[in-house]
Engineer: 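My structure is below; once you've seen it, I'll send some questions.
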Amino acid sequence: MLRLRGRVETPEQFFAPQSDHSKPCQLCARLFNEDLYKRLRSSDEGLAEVHSSCELLATDVYHSVLDGCNMCAVLGNSILTATKNETPFHGEETFVRYIPWYQGQRTTTRTPVICDALQSNEDTRGKGEAHGYFMGTFQKPTGHGEFSVSHSTEDKPDLTFQSLDCAAKVTLKMTVIKGNYSTGFDLINIDIIATPSETCSKPWIFITPYGATLWLEVISDAGEPFSREWKALSAAGAEWPPVVRRWLDNCQQYHQCALYSTFRPTRLIDVGDPLHPHLIESVARSDDSLNNSGDAMGYVTLSYVWGAKQDYVLTRDTLQTKLAGLDTQRIPQSVMEAMEVTRRLGFRYIWVDALCIIQDSPEDKLKELPMMAKIYQHSAMTISAASSPSASEGFLKPPDPPVFKVQPFRITIGKGKPQFPYMNLSLAFREEAPEVKDPIDSRGWTLQEWALSSCRLRFSSRGIQWTCNKLVADPSALSGEEHRDPPIQFSPEGYVQNYFGEASAIISSLPELNERLSHRYTVDEAYKRKEAAMMWIEIRSQYAQRSLSFPTDKLSAISAIAAIAAEEHGMTYLAGLWKEALLTDLQWYYIFRSNPTGPLSTVTAAQERDNEYIAPSWSWASVGYDKGNLYPKQSRKWTTDRPWHLKILDCGVDLVDGSDFSFGPVKSGYLDIEGRVLDVEWELWTRNTVALNKISLHESPREKSNKRLGQAFLDFPSFCLEEGLKLKCLILTKADLVYNQYKPERYPEVICAHALLLLPLRKPNTYRRIGLCYLHEGGLWEESTSESIRIV
């Protein structure tokens with residue numbers, strides 16, 4: 001990759017190499033010399049840079065390319081690309097500063113005619129004599145004391161591969177780099193400077209300092225002192241354990257992110273003996289047994305994708321058997337490999353949900369669910385089997401093959417002697433990695449597992465990565481990105497994080513938010529709660545994009561995050577919404593751009609509730625279909641807290657039998673509300689839209705007005721709604737945002753109110769929410785009457 005003045009791009013192909021391998025050339029031997037090799041070999045562990053430089057003529061590069069050297073072909077293409085890019089930046093001052101012999105040319109005696117021509121050239125192009133020299137429009141005096149002036153119609157020089165065949169002096173300053181956690185040197189950058197000589201034909205090869213830097217990644221089959229793989233830490237090799245241990249040691253010594261304590265989950269897997277792993281019940285063990293000096297590092301947790309139903313899980317009947325020993329032939333591959341990682345990193349205990357929670361015991365699940373936050377917060381590290389699509393498939397495998405911008409090519413260096421043996425190097429530069437979505441990033445449970453952990457070891461399709469509260473270490477990242485500040489997460493100390501962009505974004509802690517706000521302002525609790533509720537809207541939007549094997553887990557799989565947020569701010573949780581911000585939280589809607597994968601049922605007036613109850617209809621968690629995106633993603637832009645003739649009378653939920661955990665599953669809920677209600681009729685949306693759940697609304701009966709009342713997004717695809725069904729609208733708020741000013745091409749009408757779309761049920765004044773409406777300016781809704789209703 002070529003970093004130029006003002007941009008970064010792939011070098012143009014002025015010359016295309018004929019083979020991916022080249023023999024050693026004299027120019028490469030000057031860069032990759034024996035002294036450089038010795039210094040590479042003697043470098044210390046961790047971050048290191050070794051420098052080398054040489055001076056040559058452009059024609060040397062030209063002839064090396066013709067002789068078949070691929071490295072010189074890339075260098076030559078880079079020199080020509082940089083020269084072309086530098087042209088607009090060259091002026092008189094640049095020439096005087098960087099070309100020693102040019103100053104003498106400027107003092108050459110000129111005739112009045114030539115001076116007029118030069119002045120015309122300067123006025124026309126605005127570049128002065130320098131541009132004339134560079135473009136070939138200014139010539140030196142002829143042998144008879146006369147001047148020859150030629151004019152070019154091109155603004156840029158006509159550079160070709162043959163332009164390299166000149167006496168321009170080229171300086172190459174090479175730096176070979178090893179990252180802090182790399183297994184060898186894996187990156188090369190070469191600063192290129194070129195100065196034309198007095199005898200060079202035009203256009204000149206001219207590159208000023210900082211005008212061009214060539215970046216190449218490098219690997220070698222021979223290994224040391226170079227890396228063996230393309231700038232990634234592979235889980236398939238033997239290099240990763242020492243690197244990960246350095247990450248761990250660094251965090252324990254300097255960051256102290258992990259919250260070590262005497263807390264232990266109810267059950268753990270003891271992997272100290274690889275031939276005899278077994279389950280232990282920590283509550284039945286003495287403190288000396290679990291917290292002796294040899295086990296002071298605590299336990300680790302596993303976050304992974306279950307995939308298909310697991311056969312080898314903890315049940316009531318197998319508890320005693322698994323306490324005696326686990327059947328290593330039946331343990332799923334991802335779990336087995338996580339146990340191996342645990343041992344190789346010096347830990348003895350690991351927590352895995354399938355083997356540490358009794359899967360056929362609702363009582364045990366209800367007891368363990370409130371402990372999820374502590375289990376992950378107090379673990380020394382969470383192993384994230386990110387690249388594995390199911391428990392039956394492992395994650396200790398090589399990273400996915402990279403995609404290259406500069407295609408790999410090979411060169412040979414060395415002299416064939418012990419002090420400097422022959423080595424084949426592969427050089428290339430990868431594409432900027434897009435947002436990586438591993439299988440784990442699409443699963444619901446794994447979001448809070450990642451968010452609650454203080455230290456995470458991620459086995460990704462890009463290789464192994466480390467994230468703690470103070471550092472992100474990604475050996476697969478391109479230059480400048482190997483280490484960066486941590487993204488958003490929820491930890492006992494309170495950090496705000498957003499790992500791997502929008503698709504995996506995690507949460508907020510809010511203690512950190514409090515500290516930041518309190519430091520700058522005198523903020524009351526009401527304001528802090530409002531900020532926390534707004535952040536929750538962003539959290540739930542990300543969570544709703546993930547899938548669950550069992551839709552009934554929708555509240556459970558985010559319950560730990562909700563519990564911590566409620567504890568910090570003293571807020572009341574209502575099946576995914578907050579009582580203190582209920583008006584804003586009610587203004588959610590989904591957009592379905594493709595059909596859900598699960599079975600769809602027709603929504604009719606006789607339908608009371610779904611077969612598998614998840615949440616009240618007024619909660620976003622009640623939507624059991626996948627393929628939908630939950631909106632709004634940012635509460636400040638798309639919601640309003642200005643009620644319009646609305647009063648929330650009461651709201652509550654009933655927990656499932658046997659549970660006292662208010663953040664877990666519920667069996668029913670209600671919302672008593674007083675507000676303006678009106679009858680509406682609907683029809684399918686006929687304009688261009690990508691939403692499969694968008695409908696048009698009209699006042700009922702249609703004879704009152706032909707004008708459209710507004711639009712609605714249903715909580716399911718519109719073809720599920722029974723034709724001719726009579727619906728009602730409950731007005732919630734007056735809109736703060738004038739949508740047609742924000743995006744007039746999408747919102748031609750002025751949207752003035754947000755409302756719930758309701759389906760009347762058999763019980764009087766009882767309704768089910770089926771969508772969110774946006775009502776236009778004017779219409780009979782402004783004259784509607786107030787009613788007291790219940791939404792269930």
Side-chain angles (χ1 to χ4, degrees), residues 259 369-378 382 444-454 469 486-499 504-518 523-546 553-588 615-616 618-621 630 632-636 639 641 651-653 655 659-666 669:
L259 185 66
L369 186 61
M371 297 176 62
M372 293 296 290
K374 280 190 173 182
I375 289 173
Y376 280 92
Q377 283 184 320
H378 290 259
T382 292
W445 280 99
T446 58
L447 182 141
Q448 73 173 8
E449 294 167 0
W450 178 274
L452 295 168
S453 304
S454 298
N469 294 342
I488 295 182
Q489 64 115 68
F490 195 76
S491 77
E493 297 179 354
Y495 286 84
V496 180
Q497 256 180 229
N498 189 1
Y499 189 68
S504 337
I506 326 283
I507 336 338
S508 91
S509 93
L510 314 172
E512 187 266 354
L513 172 67
N514 294 345
E515 183 179 350
R516 187 174 70 246
L517 292 174
S518 300
V523 183
D524 59 19
E525 288 301 319
Y527 182 80
K528 293 178 183 178
R529 288 176 178 177
K530 183 177 180 180
E531 288 293 303
M534 287 183 174
M535 197 167 290
W536 177 259
I537 287 178
E538 300 177 27
I539 295 168
R540 76 185 189 189
S541 168
Q542 301 304 323
Y543 172 70
Q545 294 183 32
R546 296 176 171 232
D553 288 344
K554 202 159 191 177
L555 290 174
S556 300
I558 200 173
S559 60
I561 297 171
I564 295 177
E567 182 181 359
E568 288 294 333
H569 293 277
M571 300 195 300
T572 304
Y573 190 67
L574 297 167
L577 285 67
W578 299 104
K579 187 175 183 178
E580 290 76 11
L582 195 53
L583 181 60
T584 300
D585 276 3
L586 286 169
Q587 298 170 58
W588 57 267
W618 39 265
S619 169
W620 56 269
L630 177 60
K633 294 185 177 183
Q634 295 179 344
S635 58
R636 291 176 177 86
T639 62
D641 56 1
C651 187
V653 296
L655 304 178
S659 172
D660 60 356
F661 186 50
S662 58
F663 308 96
V666 300

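The figures that follow rest on heavy atoms only: side chains count, while hydrogens, waters and symmetry mates do not.
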Engineer: Does the pair Ile561 and Tyr543 meet the rule for a side chain to side chain contact (heavy atoms under 4.5 Å, CB included), with working shown?
Structural biologist: CA-CA 11 Å; Ile561 297 171; Tyr543 172 70; over 6 Å; no
Engineer: Using a 4.5 Å cut-off on heavy atoms from C-beta on, say whether the side chain of Met372 contacts that of Leu452.
Structural biologist: no
Engineer: To the nearest 0.5 Å, how far apart are CG in Asp553 and CD1 in Ile558?
Structural biologist: 13.0 Å
Engineer: Got a sec, which residues hit side-chain contact (heavy atoms from CB on, under 4.5 Å) with Leu655, two or more places apart in sequence or on another chain?
Structural biologist: Ser659, Val666
Engineer: When you measure from the side chain of Trp445 to the backbone of Ser556, do you find a donor-acceptor pair of N or O atoms at a distance under 3.5 Å?
Structural biologist: no
Engineer: Find out whether Glu580 and Thr572 are in side-chain contact, i.e. whether some heavy atom of one side chain is under 4.5 Å from a heavy atom of the other.
Structural biologist: yes
Engineer: Minimum heavy-atom separation for Ala560 and Gln448, please, with both atom names.
Structural biologist: N-OE1, 3.1 Å
Engineer: What is the minimum heavy-atom distance between Pro665 and Leu369, and which atoms define it?
Structural biologist: CD-CD2, 3.9 Å
Engineer: To the closest 0.5 Å, what do you measure between CG (Leu582) and CD (Gln587)?
Structural biologist: 10.5 Å
Engineer: Looking only at heavy atoms, what is the nearest atom pair of Gly576 and Leu555, with distance?
Structural biologist: N-CD2, 3.8 Å
Engineer: The criterion is ring pair (Phe, Tyr, Trp, His ring centres under 6.0 Å); which residues satisfy it with Phe663, sequence neighbours excluded?
Structural biologist: Tyr573, Phe661
Engineer: Does the pair Ser541 and Trp620 meet the rule for a side chain to side chain contact (heavy atoms under 4.5 Å, CB included), with working shown?
Structural biologist: CA-CA 10 Å; Ser541 168; Trp620 56 269; over 6 Å; no
Engineer: Taking all non-hydrogen atoms of both residues, which atom of Val653 and which atom of Pro616 are closest, and how far apart?
Structural biologist: CG1-CG, 4.2 Å
Engineer: Return the CD to CG distance between Gln542 and Leu447, rounded to the nearest 0.5 Å.
Structural biologist: 8.5 Å
Engineer: If I take atom CH2 from residue Trp618 and atom CG from residue Leu577, how far apart are they, to the nearest 0.5 angstrom?
Structural biologist: 6.5 Å
Engineer: Report the residues that fulfil side chain to side chain donor-acceptor pair (under 3.5 Å) with Thr382, sequence neighbours left out, ordered by chain and then residue number.
Structural biologist: Thr301, Ser453
Engineer: Identify the heavy atoms of Ile537 and Pro632 that sit nearest to each other, and give their distance.
Structural biologist: CG2-O, 3.3 Å
Engineer: Any side-chain heavy-atom pair from His569 and Trp578 closer than 4.5 angstrom?
Structural biologist: no
